[in-house]
Amino acid sequence: MSDNHQDDKPTGSGVVPVNQGRRRFLAGSAMVGAAGMAGVTGVAGVGALTRSQPAKAASNGNGLSTHVAPGELDEYYGFWSGGHSGEVRVYGVPSMREIMRIPVFNHCSASGWGMTNESKRIMGDSHRFTNGDAHHPHISYTDGSHDGRYLFINDKANTRVARIRLDVFKTDAMVTVPNVQAIHGLRLQKAPRTGYVFANGEYMIPQPNDGRDINDPSKYYTMWNAIDADTMEVKWQVIVDGNLDNMDADYAGKYCAATCYNSEGAVDLAGKMRADRDWVTVFSIERIEQAVADGNYTTIGDSDVPVVDGRKSSDLNVTRYVPVPKNPHGLNTSTDGKYFIAAGKLSPTVTMIEISRLDDLFEGNLEDERDVVAAEPEIGLGPLHTTFDGRGNAYTTVFIDSQVVKWNMEDAVRNYNGEDVEYIRQKLDVHYQPGHNHATLSESKDADGKYLFSLNKFSKDRFLPVGPLHPENDQMIDISGEEMVLLHDTPTFAEPHDAVIIRRDQITTKQIWERDDPYFADTVAMAREDGITLESDNEIIRDGNKVRVYMTSVAPNFGITEIPVKVGDEVTVTITNLDRVEDLTHGFCVVDHGVTMEISPQQTASITFTADKPGVFWYYCNWFCHALHMEMVGRLLVEPA
Ligand code: CUK
Ligand code: CUA
Ligand code: CA
């Protein structure tokens, strides 16, 4: 155990009365201010607090190592959210080799995502946005285990949810959620399967947000949203009191719980910290579905999505509000399915809500909503997120203390019930200021307790300096033994908030595309209407000022090397890559036109642009494919109008 464990020994005093919790909060609050100052005024303050432990060698007593020999494959896939880069990144764990990037809410210069017709169809109307803010990646489930079919992720910046196919590692669906702003917390139904994607709207807004009530924040509301995971349509929304931050679902398919840090409904910082307590909002999926089936809903504005009233004033009883210390943040379901664990943020505690007591809570059998609290252990300053090892231990990041704290859940419950037991197992310094953490398979019932990542918001002095903007630092920790051991630092660019890591055997990919893939089915249909057989034809079709170019590619040749058009023509180039060789991707890039796309083996891809200036413009293949790759070119010949 680390030395600082001794300094933070919990009191072991049993049940924590409300007023004591408040005193603890106030102490914590002061520290928030202090740490905030250090973060703003300079590097010295933060470093002095936390810089202590030299990294140990990459292999250690627990026996785990980051080393994966050249040519060997990693044991796990790790999917990292790319934060406000808008993308998802794929790492091999434990080597932390970056294997792939998946563009989602961003536009991608390499693959043409956001520019090709196929990606525009998937992004829909929202493809006009070139930014996103992806926080919470989660992989679909069957019976509480990951089934490796899809990954879903939120976009806080432009209120979207996207789905990624894990057979081809491409985004295949995207939806903008109505009536809310800034999708933040996102989780999947874990059992019996992922039928729903649940999504929190973080900010409260007028309903409808059409210019009314701008100056009356008392009329602002947000909603909890359910999206059909198969169709990616928004099924229903639940209007709530307060806001919604993070969330998780149970392992039975019955309940979800979300943290609310703005029960005050305030629009200023001081106002959001005014109440002594905020709450965790608990949702009964059954009761919401029943309300929708019974027609007990309204619709708002232009949207026809059913909106169920889950506010405290409603008699539908689809929600419950469990008071917790003020301004909570993370919410994680323990992998044994027993607890929703809400991290205190401004309180040094986490609140363990016992899921088996929620039936009674909804039936009205409990005297007080707080009766569902199984324990409220004190962890350290600034608890944000919790992960699990499948052996009864929880690991909570504490932002202000810059530590990952390992604690035992059943010992915390015994302590809360008055027994004099120690529940903190170890506090490990991380570098620096951790947000999420995530252990291998730790959001499924298969948590294997091997590798844990602490996604640290500040890297400060851990890497070669690169100017004022620093990378984040995602640290890998071996949790396979009694003691946590730091293994590896990974610099990451703006800005992973969360990750999900599953075994490599849980994902099955395609090595080349199948010709009937739905990803480009609309383009295939367009070709059929033009009488084109994509697998063989090289033809140019004129239709007024629209020019449709159909060609094949076989390394190192484009099927068409001259495209004659006139200024003002709208040109659609559709390319089918006939190569069947694994890894033989071609590209299509028209110089000086901002036109680029990827065409992988057996894929059809298309892109539309306007020939807006006369002259000769070369197009070339931009994925290195052959010894004569440089020669794989053609000319766009643009005559004056
Ligand atoms: S949030 Cu970023 S550290 Cu969006 Cu899950 Cu907590
Ligand atoms: Cu085809 Cu490079
Ligand atoms: Ca608050």
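As the structure lists them, so they are numbered: ligands from 1, and atoms in each ligand from 1.
In summary, the atoms of ligand 1 found under 4.0 Å from a heavy atom of His184, numbered by their order in the structure, are 1 (S), 4 (Cu). Near Asn246, meaning under 4.0 Å from any of its heavy atoms, are these atoms of ligand 1: 5 (Cu). Close contacts between ligand 1 and His136 involve ligand atoms 1 (S), 4 (Cu), 5 (Cu) [criterion: under 4.0 Å to a heavy atom].
Minimum interatomic distance between Tyr141 and Gln189 (heavy atoms only, all atoms of both residues): CD1-O, 3.7 Å. Scanning all heavy atoms of the two residues, the minimum distance from Val177 to Gln237 falls at CG1-NE2, 3.8 Å.
Remark: Lys406 is not positioned above the aromatic ring of Tyr395, lacking an NZ or CZ atom under 6.0 angstrom from the ring centre and at most 45 degrees off the axis. Both tests pass for Arg163 against the ring of Tyr150: distance under 6.0 Å to the centre and angle within 45° of the axis. A cation-pi geometry, defined here as NZ or CZ lying under 6.0 Å from the six-membered ring centre and within 45° of its normal, holds between Lys345 and Tyr261. The side-chain tip of Arg160 does not point at the ring of Phe105 from less than 6.0 angstrom away and within 45° of straight on.
At a cut-off of 2.8 Å, measuring from atom 2 (Cu) of ligand 1, the protein N, O or S atoms that fall short of it are His497 ND1, waters left aside. Among protein atoms, those of element N, O or S found less than 2.8 Å away from atom 2 (Cu) of ligand 2 are Cys621 SG, Trp623 O, Cys625 SG, His629 ND1.
When ring centroids are compared, Phe453 and His438 stay outside the 6.0 Å threshold.
Using modelled atom types and a 3.5 Å distance limit, the side chains of Asn456 and Gln475 yield a donor-acceptor pair. When only modelled atom types and interatomic distance are considered, Thr490 and Asp474 share no side-chain donor-acceptor pair under 3.5 Å.
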(message) Using the rule given for ring-ring contact (aromatic ring centres under 6.0 Å, His included), can you reason through Phe340 versus Tyr255, listing the C-alpha separation, both sets of side-chain angles and the distance that settles it, and then say yes or no?
(response) CA-CA 10 Å; Phe340 288 137; Tyr255 297 108; 7.7 Å; no

(request) Using the ring-ring contact (aromatic ring centres under 6.0 Å, His included) rule, take His184 and His136 through it: C-alpha gap first, then chi angles, then the decisive distance, then the call. (result) CA-CA 8 Å; His184 187 228; His136 299 119; 4.9 Å; yes

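A heavy-atom separation below 4.0 Å is found between Lys457 and ligand 1.
Ion pairing of Asp489 with Arg462 is present here, as a side-chain N (NZ or NE/NH1/NH2) and a carboxylate O approach within less than 4.0 Å.
Under 4.0 angstrom from ligand 1, the non-hydrogen atoms of His385 all belong to its side chain.
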